[in-house]
Amino acid sequence: MRRSHTRAWRRGRLAAAAAAALLLGIAGCSGSSDNAEEGAADAPAPQGPGALPLTQPDPNIDGNFTDYGVNPEIDTAEDNKSTFALDVDTGSYSIVRSHLDQGLLPDEAAVRTEEMVNYFPQDYDAPAEGLRAHIDGTSVPFLDDSTRQVLRVGVQAAEVEPEDRQPATLTFVIDRSGSMEGRNMEMVRSALHTLVDGLDPEDEVGIVTYGDDATHELETTPASEETAIRSVIDDLRPDGSTYTEAGLRAGYEVAAENQRDDGINRVILLSDGVANVGETDPEVLADDIVSPMAEDVPLLTVGVGMDVFNDPLLEQLANQGGGFYTFVDSEHEIERLFADDLTGTLEAVATDARVQVTFDPDEVESFRLLGYENRQMEDEEFLEEDADGGHLGAGHSATALYEVAMPNVRESADAAEVAQVEVLWTDPDSGETLQDVTTLQHKDLAEAFNEAPDALQETILVGAFAEGLRGAPWGEEIAMGTVATNARRLADDQPSDRPFGEFADLVETATEL
């Protein structure tokens with residue numbers, strides 16, 4: 001790959017029948033025979049269609065999800081650029097995992113391909129500072145046309161050692177309404193205690209709760225006063241309705257009054273996302289309360305609970321609030337977010353990060369971006385100073401998959417340029433707009449799936465799983481048994497603590513459903 005690095009720019013529904021048919025392998029592992037021999041491991045023979053029982057949603061789960069549709073295939077003769085705001089949300093993966101752990105196929109609209117993919121670590125080289133762009137790709141034998149390739153476009157943020165993290169002032173906004181009774185509040189208490197475990201003495205914590213109204217439970221307090229902070233956490237008791245608007249307003253008032261100039265400022269919302277008093281429209285809440293403070297005090301939204309859950313509220317607030325959205329469904333997930341990755345959760349390396357991919361029409365006939373449907377940008381917005389991009393924490397990566405049609409893939413010269421990736425972002429300390437650019441040449445494509453880097457294979461399999469669950473085009477071609485077989489092959493070659501082993505288990509569970 002050729003690289004240039006330039007600084008100094010100024011600033012609801014469960015599609016049961018279709019999903020069941022897919023997961024039982026109606027779609028076969030097709031494609032050219034030479035690709036099949038060089039590519040993925042042999043899959044079990046797909047089962048034919050028949051009278052399949054419907055998987056019914058659990059009546060105790062009242063999830064609210066928004067279907068953003070599926071990106072279309074784009075002809076490069078008409079438009080050879082693809083532009084989107086980066087997104088490091090991972091909530092969708094945890095939601096899908098929670099459903100499958102209960103023996104249920106997830107709501108199709110709950111599955112967002114980019115959030116599934118971004119849950120997993122990648123193999124990108126980290127820059128010394130800022131962001132670095134990456135692109136690679138390979139053939140995929142379980143797609144039905146050997147001229148189709150899958151490209152992985154990635155962005156890696158610089159790492160920051162925990163001891164080098166800036167001091168943080170954190171304002172927790174905690175939903176204590178009646179819907180948080182039981183396990184939901186237990187998860188919130190566990191998450192808060194885990195986060196407090198990792199704080200430094202110079203960090204600060206303030207706590208606001210809301211039910212029928214908002215309450216200032218703890219004025220902004222040094223983390224060294226651990227007993228006082230933990231006492232408030234332990235005393236949290238759910239009751240009343242859900243006045244999310246009041247909680248957010250009070251939380252941002254506390255954050256504004258205690259904003260520090262020498263470090264990190266964050267509002268952290270922990271909720272099941274349900275709002276039933278005052279303003280409840282996510283767009284209005286974001287525009288009126290969250291967006292005006294996004295640059296100075298980014299928002300992290302943490303979803304809990306599955307009995308009643310409002311995914312769009314938490315996702316949209318995080319998107320507009322300059323932060324990211326995650327969902328905690330287990331103690332393991334709490335540890336991952338608030339202990340193992342605390343520095344990345346709190347320390348921003350880049351804000352307003354966005355990507356533009358330019359395809360060479362001589363090499364790429366068409367492309368389709370998998371996911372990022374609600375993060376699309378107009379091509380001309382890419383260079384605008386006030387472009388609304390994504391937030392990347394220290395050590396975080398963001399990844400997008402493209403399916404591309406390359407009719408001349410067998411004949412192209414090694415040096416032929418396939419695509420260029422450009423990433424722009426704002427440095428959160430200096431306010432300077434920075435850039436990184438990299439290109440993909442034909443010789444950089446792995447000729448066979450199983451010769452591609454493991455992380456690329458894994459990412460494609462996660463993307464295929466997500467696309468199948470949400471009824472996207474790949475779901476008509478790729479048997480879930482094929483995904484399961486290849487996921488297990490890769491997982492068995494990894495240490496047991498890698499998250500891909502869990503993914504292989506989930507695919508097998510989905511196949512059995």
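No hydrogens, no waters, no symmetry mates; every other heavy atom, side chains included, goes into these values.
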- prompt: Is it true that a side-chain atom of Ser291 and a backbone atom of Ala286 form a donor plus acceptor pair closer than 3.5 Å?
  reply: yes
query: Does any donor atom in the side chain of Glu315 or Thr301 lie under 3.5 Å from an acceptor atom in the other side chain?
result: no
query: Is there a donor-acceptor pair under 3.5 Å between the side chain of Arg148 and the backbone N or O of Glu403?
result: no
message: So does Phe327 get a backbone contact from the side chain of Ser94, meaning a donor-acceptor N/O pair under 3.5 Å?
response: yes
message: Whether Glu508 and Arg488 form a salt bridge (side-chain N of Lys/Arg under 4.0 Å from carboxylate O of Asp/Glu) is what I want to check.
response: yes
statement: dist Glu295:CD -> Asp352:CG (nearest 0.5 Å) comes out at 7.5 Å
task: Would you mind reporting whether Glu363 and Gln149 have side-chain heavy atoms less than 4.5 Å apart?
output: no
message: So does Ile95 get a backbone contact from the side chain of Asp329, meaning a donor-acceptor N/O pair under 3.5 Å?
response: no
- request: Find out whether Val409 and His442 are in side-chain contact, i.e. whether some heavy atom of one side chain is under 4.5 Å from a heavy atom of the other.
  value: yes
- prompt: If you take all heavy atoms of Ala158 and Pro127, which pair is closest and at what distance?
  reply: CB-O, 3.4 Å
query: Hey, are Tyr68 and Gln376 close enough side-chain-wise for a donor-acceptor pair under 3.5 Å?
result: no
query: Any donor and acceptor pair, going by atom type alone, linking the side chain of Thr459 with main-chain N or O of Ala455 inside 3.5 Å?
result: yes
message: Give me the atom names and distance for the closest heavy-atom approach of Gln441 to Ala415.
response: NE2-O, 3.5 Å
field: Side-chain heavy atoms of Val364 within contact of Asn80, under 4.5 Å
entry: no
field: Phe359-Tyr402 aromatic ring centre distance below 6.0 Å
entry: yes
- prompt: Would you find more than 12 non-hydrogen atoms of other residues, nucleotides or ligands less than 6.0 Å from Glu283 atom CD?
  reply: no
task: Over 60° means perpendicular and under 30° means parallel, so classify the ring planes of Phe142 and Phe449, tilted if in between.
output: perpendicular
- prompt: Quick one: does Asp414's side chain have a donor or acceptor within less than 3.5 Å of a partner on Lys443's backbone?
  reply: no
message: As a quick check of understanding, evaluate side chain to side chain contact (heavy atoms under 4.5 Å, CB included) for Leu100 and Leu513, giving each step before the final call.
response: CA-CA 9 Å; Leu100 291 174; Leu513 288 175; 3.8 Å; yes
- request: Indicate whether any N or O donor in one side chain lies under 3.5 Å from an N or O acceptor in the other, for His396 and Asp341.
  value: yes
message: Using a 3.5 Å distance criterion without hydrogens, assess whether the side chain of Glu365 forms a donor-acceptor pair with backbone atoms of Ala405.
response: no
query: Distance from Asp311 atom CG to Gln316 atom CD, nearest 0.5 Å?
result: 9.0 Å
task: Classify the angle between the aromatic ring planes of Phe120 and Phe503 as parallel (below 30°), tilted (30 to 60°) or perpendicular (above 60°).
output: perpendicular
message: Are Leu285 and Gln320 packed together at the side-chain level, in the sense that at least one heavy-atom pair is separated by less than 4.5 angstrom?
response: no
- prompt: With the threshold set at 4.0 Å, does a side-chain nitrogen-carboxylate oxygen contact exist between Arg132 and Asp436?
  reply: no
field: Phe382 side chain reached by Arg354 side chain, heavy atoms, under 4.5 Å
entry: yes
message: Quick one, Gln457 and Thr138 - any side-chain contact, counting heavy atoms below 4.5 Å?
response: no
task: Spell out, as yes or no, whether a donor-acceptor pair under 3.5 Å connects the side chain of Arg375 to the backbone of Phe84.
output: no
query: Using a distance-only test with no angle check, is there a side-chain donor-acceptor pair under 3.5 angstrom linking Tyr124 and Thr399?
result: yes
query: Should Val328 and Val302 count as side-chain neighbours, where that means a heavy-atom distance under 4.5 Å?
result: yes
query: Does Glu279 reach the side chain of Asp281, with side-chain heavy atoms less than 4.5 Å apart?
result: yes
field: Main-chain N/O of Asp87 paired with Asn118 side-chain donor or acceptor, under 3.5 Å
entry: yes
message: Return the CG to OG distance between Asn71 and Ser82, rounded to the nearest 0.5 Å.
response: 7.5 Å
message: For Leu104, is there any backbone N or O sitting under 3.5 Å from a side-chain donor or acceptor partner on His99?
response: no
message: One pair to check against side-chain hydrogen bond (donor to acceptor under 3.5 Å, both in side chains): Glu333 and Tyr93. What are the steps and the verdict?
response: CA-CA 11 Å; Glu333 190 64 20; Tyr93 179 83; over 6 Å; no
query: With a 3.5 Å cut-off and no angle check, do the side chains of Thr439 and Gln420 form a donor-acceptor pair?
result: no
